[in-house]
Amino acid sequence: MKYCARCILPDTRPGIFLDEEGVCSGCRGHDDKERHIDWTARARAFDTVVAEAKARSSGYDCIVPVSGGKDSWYQVITCQEHGLKVLGVTWRTPGRTEIGQRNVERMVEQLGIDHIDFTINPDVERRFMIAAYERKGATAIPMHMALFAIPTRLAVQMRVPLVVWGENPQLEFGGDEADRLATELDLDWIAKHGVTNQTSREDWIGAEGLSDTDLAAYRLPPAEDFQAFAPKSIFLGSFFKWNSFDNARISGEHGFESGAGHLKTGVWSFADIDCHFIALHHFLKWYKFGILRSFDNLSVQIRYGLTSRDEAIETLREGGFQIPSDDIARFCAFVGKPESWFWEIAESFRDQTIWRRDGETWKIPGFLIDDWEWTTR
Ligand SMILES: [Zn+2]
């Protein structure tokens, strides 16, 4: 397990590759953003995207997939500033928080958009999450499948010519050079990067008794329909330089409520606040990749120049190992399983190529912090 020389991410994290200088693909993505991408040209290219959408529009110019979080507010605000008529589309998480609900309502009222709050039968969500967790150790496969499929399908079915997603994850969090410079999120992208552990909807038919029709909401539009209407599906972060802190500030100025005092995971009070279950998705990376959500947050802060690598390591050391106990309890109550079930499965996905057992304690040889307090978890 090797760590980036600039930030604190290890090469176990998906998408993170270290180059000959020991610098990771996430930090190289930041270099792309700061030095190699001509943002003036990209902004002009966005004007062209807007003009093409308006020329093809028969009502709504664009769909913006929104969770109600800071980034979705920023996406809607930016689209409206460019004169686009926005339809907001949300996959409604069964674990929506109170603050998440308030932010969705405020976004609709204060930004003045039409909005679809798409709710999947909670019993289907429940069974799908059980199957995804037991088979892949990934509670968020249903979430990722739904949040890519629903807006993409609605764009084709409702004949909306443009879909405006947020950041390009490969540019922000690490990926190879071609993926970092991609501007479009099409069906091929979803198949490759949709965070579904290389599974498609069809792979889950039969799991926990789920039928083809139970899983209707997760269906992508058929490729021939997508190609026939050909909605343009773009990352806003490929046209305007993405900055999570700026997005939080801009959204806050328009009425977005941050989660100060309600930190669920990581070190950012303005992120991961919409859903009670998202902390589990991040927590399981401890077993699989040996990282916590704070590693992601602090690495971005290092790249932005907001903290040094040494300070970030100190913040991690002080924070220590935190278990999202409340969210694990809520998740187990939702799926109707005991917490022992959650821990047994988490343990079965521990990557023993990076973890070593030392008595009752698990340790990672060569971990970023020498005097880390290891636990039985
Ligand atoms: Zn790095």
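Throughout, numbering of the chain's residues begins at 1 and tracks the sequence. The structure presented is a predicted model; accordingly, all values stated were derived computationally and were not measured.
A side-chain donor-acceptor contact under 3.5 Å links S348 to the backbone of I345. Side-chain N or O atoms of H193 include none that pairs as donor or acceptor with a backbone N or O of W189 at under 3.5 Å. Proximity of a side-chain donor or acceptor of E167 to a complementary backbone N or O of L236 within less than 3.5 Å is not detected. Of the possible donor and acceptor atoms, none in the side chain of N247 sits under 3.5 Å from a partner among the backbone N and O of D71. Listed for the Y133 side chain is a donor-acceptor partner under 3.5 Å among the backbone atoms of A346. In this structure, H254 contributes its side chain and I250 its backbone to a donor-acceptor pair below 3.5 Å. The main-chain N or O of W374 is never found under 3.5 Å from a side-chain atom of T361 such that the two would form a donor-acceptor pair. Side-chain atoms of E311 come within 3.5 Å of backbone atoms of S308 as a donor-acceptor pair (strictly under, hydrogens ignored). Put simply, the side chain of N168 gets close to the backbone of D179: a donor and an acceptor are under 3.5 Å apart. A donor-acceptor contact shorter than 3.5 Å is absent between the side chain of K232 and the backbone of E52.
Counting all heavy atoms, side chain and backbone alike, F334 lies closest to P122 at CZ-O, 3.7 Å. Nearest heavy atom pair, residue E21 against residue A5, reads O-CB, 4.3 Å. Residues A53 and L84 approach most closely at CB-CD2, 4.4 Å, considering heavy atoms. Scanning all heavy atoms of the two residues, the minimum distance from G175 to S25 falls at O-CB, 3.4 Å. Nearest approach of I16 to G174, heavy atoms of both residues: CD1-CA, 4.3 Å. In terms of heavy-atom proximity, L220 sits nearest to L187 at CD2-CD2, 4.1 Å.
The side-chain heavy atoms of V89 and V66, taken from C-beta on, include no pair separated by under 4.5 Å. Side-chain contact between I278 and R293 is absent, with no heavy-atom pair separated by less than 4.5 Å. The side-chain heavy atoms of E339 and I328, taken from C-beta on, include a pair separated by under 4.5 Å. Using a 4.5 Å cut-off on side-chain heavy atoms (C-beta onward), C4 and L18 make contact.
With W343 as the aromatic partner, R377 meets the cation-pi criteria of under 6.0 angstrom to the ring centre and within 45 degrees of the ring axis. Both tests hold for R56 against F229: distance to the six-membered ring centre under 6.0 Å, angle to the ring axis within 45°. For K288 and F349, the positive end sits near the middle of the six-membered ring, less than 6.0 Å away and at most 45° from its axis.
In this structure, CD1 in I37 is found 5.5 Å from CG in L181, a value given to the nearest 0.5 Å. Between the CD1 atom in I113 and the CD1 atom in I116 there is a gap of 10.5 Å [rounded to 0.5 Å]. Atoms CZ and OG, from R309 and S299 in turn, are 8.5 Å apart once rounded to the nearest 0.5 Å. Separation of atoms SG (C79) and CG (L111) is listed at 11.0 Å; rounding is to 0.5 Å. Taking CG from D32 and NE2 from H30, the interatomic distance works out to 10.5 Å, rounded to the nearest 0.5 Å. Note that OG1 of T265 and NZ of K285 are 8.5 Å apart. Values are rounded to the nearest 0.5 Å.
Comment: D11 does not engage K2 in a salt bridge, judged by the lack of any side-chain N to carboxylate O separation of less than 4.0 angstrom. A salt bridge links R127 with D214; the closest basic N to acidic carboxylate O contact falls under 4.0 Å. Here R106 does not pair with E109 in a salt bridge; the nearest charged N to carboxylate O distance is not below 4.0 Å. Under a 4.0 Å N-O distance rule, the pair D117/R96 qualifies as a salt bridge. A salt bridge is absent between K85 and D61; no separation between the charged side-chain nitrogens and carboxylate oxygens falls under 4.0 Å. With salt bridges taken as basic N to acidic carboxylate O contacts below 4.0 Å, none links K241 and D246. Salt bridge annotation for R44-D47: absent, with no cationic side-chain nitrogen under 4.0 angstrom from a carboxylate oxygen. By the 4.0 Å N-to-carboxylate-O rule, R102 lies too far from E105 to be salt-bridged with it.
A continuous path of ILVMFWY side-chain contacts below 4.5 Å connects L306 to I313, so both sit in one hydrophobic cluster. The hydrophobic cluster containing F270 also contains F173, counting ILVMFWY residues as joined when their side-chain heavy atoms lie under 4.5 angstrom apart, directly or transitively. Hydrophobic cluster membership is shared by W91 and V163, with clusters built from Ile, Leu, Val, Met, Phe, Trp and Tyr side chains linked at under 4.5 angstrom. Under the 4.5 Å side-chain heavy-atom criterion for ILVMFWY residues, a single connected hydrophobic cluster contains both I234 and V76. Residues I354 and L368 share a hydrophobic cluster, clusters being chains of Ile/Leu/Val/Met/Phe/Trp/Tyr side chains in contact below 4.5 Å.
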Handout entry: Chi angles and distances behind the side-chain contact (heavy atoms from CB on, under 4.5 Å) call for S258, K70
Key = CA-CA 8 Å; S258 94; K70 66 182 193 317; over 6 Å; no

Handout entry: Evaluation steps, side-chain contact (heavy atoms from CB on, under 4.5 Å), between S233 and D186
Key = CA-CA 6 Å; S233 180; D186 56 16; 5.7 Å; no

Practice task
Under the side-chain contact (heavy atoms from CB on, under 4.5 Å) rule, what do I120 and R92 come out as? Steps first, then yes or no, please.
Solution key: CA-CA 8 Å; I120 296 174; R92 185 191 170 100; over 6 Å; no

Problem - Test log, rule side-chain contact (heavy atoms from CB on, under 4.5 Å), inputs F283 and I323 - result: CA-CA 8 Å; F283 179 67; I323 297 173; 4.2 Å; yes

Exercise for the section: Any chance you could lay out the ring pair (Phe, Tyr, Trp, His ring centres under 6.0 Å) test for F128 and Y218, step after step, and finish with the verdict? Expected result: CA-CA 11 Å; F128 196 173; Y218 304 90; 5.0 Å; yes

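Taking the six-membered ring where the residue is Trp, the centroids of H82 and F240 are separated by under 6.0 Å. In this structure, F245 has its ring center closer than 6.0 angstrom to the ring center of W268. Here the two rings, on F256 and Y74, have centers that are 6.0 Å apart or farther.
Between the side chains of D274 and S67, a donor-acceptor pair is found at a separation under 3.5 Å. Between the side chains of T199 and W204, at least one donor N or O sits under 3.5 Å from an acceptor N or O. Side-chain contact of E134 with W341: a donor-acceptor pair under 3.5 Å is present, judged by distance alone. Judged by distance alone, the side chains of Y60 and D114 do bring a donor and an acceptor atom under 3.5 Å apart. Side-chain contact annotation: D31 with H36, donor-acceptor N/O pair under 3.5 Å absent.
Checked against R180 for a side chain to side chain contact (heavy atoms under 4.5 Å, CB included), the options K33, R28, E172 give a single hit: R28.
Ring geometry for W286 versus F367: interplanar angle over 60°, hence perpendicular rather than tilted (30 to 60°).
No more than 12 heavy atoms of other residues, nucleotides or ligands lie within 6.0 Å of CD in E360, so this atom counts as exposed by the packing criterion. By the neighbour-count criterion of 12 heavy atoms within 6.0 Å, atom CD of E98 is sparsely surrounded, having that number or fewer from other residues, nucleotides or ligands. By the 6.0 Å contact criterion, NZ on K337 is enclosed, its count of non-hydrogen atoms from other residues, nucleotides or ligands being greater than 12. Within a 6.0 Å radius of CG in N197, other residues, nucleotides and ligands contribute more than 12 heavy atoms.
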